[in-house]
Amino acid sequence: MTASTSPDTPTRTALARTREELASALAGDDAPRAVVMTMGALHQGHFDLVREAARHVGADGTVVVTIFVNPLQFAPGEDLDAYPRTLEADLDGLAAVLTGADGALAVGRLVVFAPTPEVMYPYGDPQVRIDPGPLATVLEGRTRPTHFAGVCQVVLSLMHLTAPRWAMFGRKDAQQLAVVKAMVRDLAVPVEIVPVDIRREADGLAMSSRNAYLSDAERGHALALSRALEAGRAAAHTGADAAAVRAAAQQVLDAEAGVEVDYVAVVDPDSFVDLAGAGLGLETRNQPVDSAQVGSAADGARPPQGLLAVAARVGSTRLIDNTLIDLP
């Protein structure tokens with residue numbers, strides 16, 4: 001990819017670095033369009049999002065991938081400067097993922113938008129800000145109080161700039177997924193949010209660009225997060241309530257040297273109401289429940305689901321993970 005289009009397929013792949021280049025790349029394109037928003041340092045978890053985008057748009061559709069390390073979602077002292085930036089490798093990976101066995105692009109078009117902060121925020125710090133609401137005050141929001149406001153700011157801006165029908169978001173960042181879904185719902189943004197499952201390493205560690213920070217020893221300690229989730233799932237499978245599921249996960253993390261636990265919580269996956277009585281999630285529900293979708297297993301409805309979410313620091317690296325569980 002060049003700054004405009006590939007010389008091999010001049011109308012099918014493009015790298016845009018400015019708003020004007022992005023608008024030019026998308027001009028006249030009325031094919032189905034999906035966007036995958038990333039901060040780069042792409043791994044197989046990101047590529048799963050891209051593959052899902054390709055499935056949604058079809059052989060003639062357009063996949064837009066944004067690569068932008070958003071300064072607004074980093075607080076002072078966080079890893080903004082250290083966050084890996086690997087644009088050339090990311091472009092190679094995207095090309096490989098979307099190229100079929102015949103060497104042809106598997107979708108109609110691939111557009112990569114890789115702006116700088118000056119391109120995303122041409123007038124400096126935005127004067128109009130988005131309040132992500134109560135969802136952003138618990139769990140990740142309690143530890144990183146400005147994070148979700150920055151996420152919403154860039155996500156809404158990128159939705160306007162890329163004008164997709166679908167936007168793919170990974171379940172690994174479960175609270176981000178819930179916040180973005182709420183923003184789209186409450187601000188009437190005409191985009192469908194598509195959740196994509198967590199991709200894990202062979203040893204169970206959830207894929208993350210921040211895994212690169214871990215030493216070999218720290219990586220071994222980090223596996224306690226996925227083991228804690230497995231313990232919680234096993235407890236839920238035996239009929240344990242949310243409090244007992246949380247306790248089972250907490251016990252695994254507490255037993256692991258080298259792991260500093262931030263939180264272990266069981267919450268509603270959409271409203272983030274606390275289901276375990278631990279005072280970690282919200283106290284009241286802020287959105288309606290579709291009664292046709294939840295109920296007791298006895299009446300044939302889907303059992304109520306909870307989100308078992310964990311966060312911990314291993315060495316200097318903060319990691320998050322989660323899993324959905326069925327509750328009695």
For this session: Rounded to the nearest 0.5 Å, what's the gap from CE on M183 to CD1 on I130? Could you check?
Result: 5.5 Å
Exercise. Within the side chain of T18, is there an N or O that forms a donor-acceptor pair under 3.5 Å with the backbone of E21?
Worked result: yes
Problem set entry | Worked check of side chain to side chain contact (heavy atoms under 4.5 Å, CB included) between V267 and Q175 | CA-CA 10 Å; V267 296; Q175 194 168 0; over 6 Å; no
Problem set entry | Check: N322 side chain, V310 main-chain N or O, donor-acceptor pair, under 3.5 Å | no
Exercise. Do V252 and V266 belong to the same hydrophobic cluster, where Ile, Leu, Val, Met, Phe, Trp and Tyr are linked whenever their side-chain heavy atoms lie under 4.5 Å apart, directly or via other members?
Worked result: no
Exercise. Is the backbone of M120 close enough, under 3.5 Å, to the side chain of R19 for a donor and an acceptor to pair up by distance?
Worked result: yes
Exercise. Could you walk me through whether N70 and Q73 pass the side-chain hydrogen bond (donor to acceptor under 3.5 Å, both in side chains) check?
Worked result: CA-CA 6 Å; N70 176 33; Q73 66 194 70; 2.9 Å; yes
Problem set entry | Same apolar cluster: L177 and L158, side chain cutoff 4.5 Å | yes
For this session: Using the side chain to side chain contact (heavy atoms under 4.5 Å, CB included) rule, take V264 and V261 through it: C-alpha gap first, then chi angles, then the decisive distance, then the call.
Result: CA-CA 8 Å; V264 179; V261 179; 3.9 Å; yes
Problem set entry | Side-chain heavy atoms of C152 within contact of V179, under 4.5 Å | yes
Seminar exercise, completed: Tightest non-hydrogen contact, residues M37 and F169, listed as SD-CZ, 4.1 Å
Exercise. Going through the checks in order, is the side-chain hydrogen bond (donor to acceptor under 3.5 Å, both in side chains) test met by R200 and Q44?
Worked result: CA-CA 9 Å; R200 298 186 179 278; Q44 288 301 322; over 6 Å; no
Exercise. Are side-chain heavy atoms of V63 and R33 found at a separation under 4.5 Å?
Worked result: no
For this session: Please report the closest heavy-atom contact between S271 and L282, naming both atoms and the distance.
Result: O-CD1, 3.4 Å
Exercise. So, does D90 use its side chain to make a donor-acceptor pair with the main chain of A41 at under 3.5 Å?
Worked result: yes
For this session: Could you walk me through whether Y263 and E140 pass side-chain hydrogen bond (donor to acceptor under 3.5 Å, both in side chains), step by step?
Result: CA-CA 9 Å; Y263 60 76; E140 288 301 292; 2.6 Å; yes
For this session: Mind running side chain to side chain contact (heavy atoms under 4.5 Å, CB included) on I193 and M168 for me, showing each step along the way?
Result: CA-CA 6 Å; I193 303 302; M168 280 57 194; over 6 Å; no
For this session: Could you list the residues that satisfy salt bridge (charged side-chain N to carboxylate O under 4.0 Å, His left out) with E218, not counting sequence neighbours?
Result: none
Problem set entry | Under-4.0 Å salt bridge between R109 and D60 | no
For this session: Find out whether V50 and H46 are in side-chain contact, i.e. whether some heavy atom of one side chain is under 4.5 Å from a heavy atom of the other.
Result: no
Problem set entry | Set of residues satisfying salt bridge (charged side-chain N to carboxylate O under 4.0 Å, His left out) with respect to K172, sequence neighbours excluded | none
Seminar exercise, completed: Taken to the nearest 0.5 Å, the spacing of L135 CG from K181 NZ works out to 10.5 Å
Exercise. Taking all atoms of both residues into account, what is the closest heavy-atom pair of L280 and V138, and its distance?
Worked result: O-CB, 3.3 Å
For this session: Taking ring-ring contact (aromatic ring centres under 6.0 Å, His included) as the test, write out the residues that go with H221, two or more places apart.
Result: none
Problem set entry | Hydrophobic cluster identity match, L110 and F47, side-chain contacts under 4.5 Å | yes
Exercise. Between E256 and R227, is the closest basic N to carboxylate O distance under 4.0 Å?
Worked result: yes
Exercise. So which residues get pulled into Y213's cluster when ILVMFWY side chains under 4.5 Å apart are joined, directly or through others?
Worked result: M39, V69, F74, L80, Y83
Exercise. Mind checking whether Y121 and P126 have side chains closer than 4.5 Å, heavy atoms only?
Worked result: yes
Problem set entry | Co-members of the apolar cluster containing Y123 [side chain, <4.5 Å] | none
Exercise. Can you tell me if R171 uses its side chain to pair, donor with acceptor, with the backbone of A174 under 3.5 Å?
Worked result: no
For this session: Evaluate the side chain to side chain contact (heavy atoms under 4.5 Å, CB included) criterion for residues T143 and L139: first the C-alpha distance (whole Å), next the side-chain angles of each, then the deciding distance (0.1 Å), finally the verdict.
Result: CA-CA 7 Å; T143 301; L139 301 187; over 6 Å; no
For this session: Consider only side-chain heavy atoms of I, L, V, M, F, W and Y, link residues closer than 4.5 Å, and tell whether L223 and V259 are in one cluster.
Result: yes
For this session: Please report the closest heavy-atom contact between L225 and A312, naming both atoms and the distance.
Result: CD1-CB, 4.1 Å
For this session: Determine yes or no for a side-chain-to-main-chain donor-acceptor pair under 3.5 angstrom, with Q176 supplying the side chain and D173 the backbone.
Result: no
Compile the donor-acceptor pairs under 3.5 Å between side chains in residues 229-245 and protein atoms, sequence neighbours left out, one pair per line.
| residue | atom | partner | partner atom | Å |
| --- | --- | --- | --- | --- |
| E230 | OE1 | R233 | NE | 3.3 |
| E230 | OE1 | R233 | NH2 | 2.5 |
| R233 | NH1 | T323 | OG1 | 3.1 |
| T238 | OG1 | A235 | O | 2.7 |
| D241 | OD1 | A243 | N | 3.3 |
| D241 | OD1 | A244 | N | 2.9 |

Problem set entry | Side chain proximity check, Q153 to R129, heavy atoms < 4.5 angstrom | yes
Exercise. CD of E192: more than 12 outside heavy atoms within 6.0 angstrom?
Worked result: yes
Problem set entry | Exercise: identify the closest heavy-atom pair between L22 and L161 | CD2-O, 3.6 Å
Exercise. With a 4.5 Å heavy-atom cut-off, do V65 and V35 have their side chains touching?
Worked result: no
Exercise. Taking atom CG of L324 and atom CD1 of I198, what is their separation to the nearest 0.5 Å?
Worked result: 8.0 Å
Seminar exercise, completed: So OG of S208 and CD1 of I320: to nearest 0.5 Å the spacing works out to 7.5 Å
For this session: Examine L105 and V112 and state if one hydrophobic cluster contains both, with Ile, Leu, Val, Met, Phe, Trp and Tyr joined whenever side-chain heavy atoms are less than 4.5 Å apart.
Result: yes
Exercise. Got a second to check how far I67's CD1 is from L91's CG, nearest 0.5 Å?
Worked result: 5.5 Å
Exercise. Do F272 and L307 come within less than 4.5 Å of each other through their side chains, counting heavy atoms only?
Worked result: yes
Exercise. Can you name the closest pair of heavy atoms from F113 and R17 and give their distance?
Worked result: CE1-C, 4.1 Å
For this session: Check whether any side-chain heavy atom of R51 lies under 4.5 Å from a side-chain heavy atom of L98, and answer yes or no.
Result: no
Problem set entry | Test item: D79 side-chain N/O and A82 main-chain N/O as donor-acceptor pair under 3.5 Å | no
